[in-house]
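Take a look at the structure set out below.
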Amino acid sequence: MSVPAEATYADGSTGTLTIQLTGWIPGPAYGETEAVRTSRIHTCTGPLGTTAAIFHQVGELDPAKERSAITLTAPSGTARAHVFALSLERND
């Protein structure tokens, strides 16, 4: 699933990026790493014994600018993206 995102920088400029997200049950499909793996998920009808994961992914932004915000846009279609945490840090 593709989630469009917009980065806002401290100088007021913006940039776009697309975050690719893998569903809970399949293995990583877009270069993510597993942050958490479980042996059960909870469904509308109760617990289901199956493996599932939450993934960690890195996105590239303009390293020369100070970031102030990330705005995520809902993906199209019926899929729902779940973002559990988002960190902004310099990689220099």
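The first residue of the sequence shown is numbered 1, and numbering continues consecutively from there.
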So, do Ile70 and Leu61 sit near enough that their side-chain heavy atoms are less than 4.5 Å apart? yes
Quick check for you: to the nearest 0.5 Å, what is the distance between Leu48 atom CG and Ile41 atom CD1? 5.0 Å
One should read off an interatomic distance between His56 NE2 and Glu32 CD, to the nearest 0.5 angstrom, of 10.5 Å
Hydrophobic cluster membership, with links at side-chain heavy-atom distances under 4.5 Å among I/L/V/M/F/W/Y: are Tyr9 and Ile19 in one? yes
If you measure only the distance, is there a donor-acceptor pair under 3.5 Å linking the side chains of Gln20 and Ser2? yes
If the condition is side chain to side chain contact (heavy atoms under 4.5 Å, CB included), which residues does Ser68 pass it with, not counting sequence neighbours? Thr8
Answer whether the closest heavy-atom distance between the side chains of Lys65 and Asp11 falls below 4.5 Å. yes
From Asp62 CG over to Arg67 CZ, what is the distance, rounded to the nearest 0.5 angstrom? 8.0 Å
Does the side chain of Thr51 reach to within under 4.5 Å of the side chain of Thr38, using non-hydrogen atoms? no
Could you tell me the separation between the OG1 atom of Thr71 and the CD atom of Glu6, rounded to the nearest 0.5 Å? 6.0 Å
If hydrophobic clusters are built from ILVMFWY residues whose side chains come within less than 4.5 Å, do Tyr30 and Val3 share one? no
Strictly distance-based, threshold 3.5 Å: is any side-chain N or O of Thr22 a donor or acceptor partner for the main-chain N or O of Ala29? yes
Enter the distance from His42:NE2 to Thr45:OG1 here, rounded to the nearest 0.5 Å. 11.5 Å
Rounded distance (nearest 0.5 Å) linking atom CD1 of Ile25 with atom OG1 of Thr50: 5.0 Å
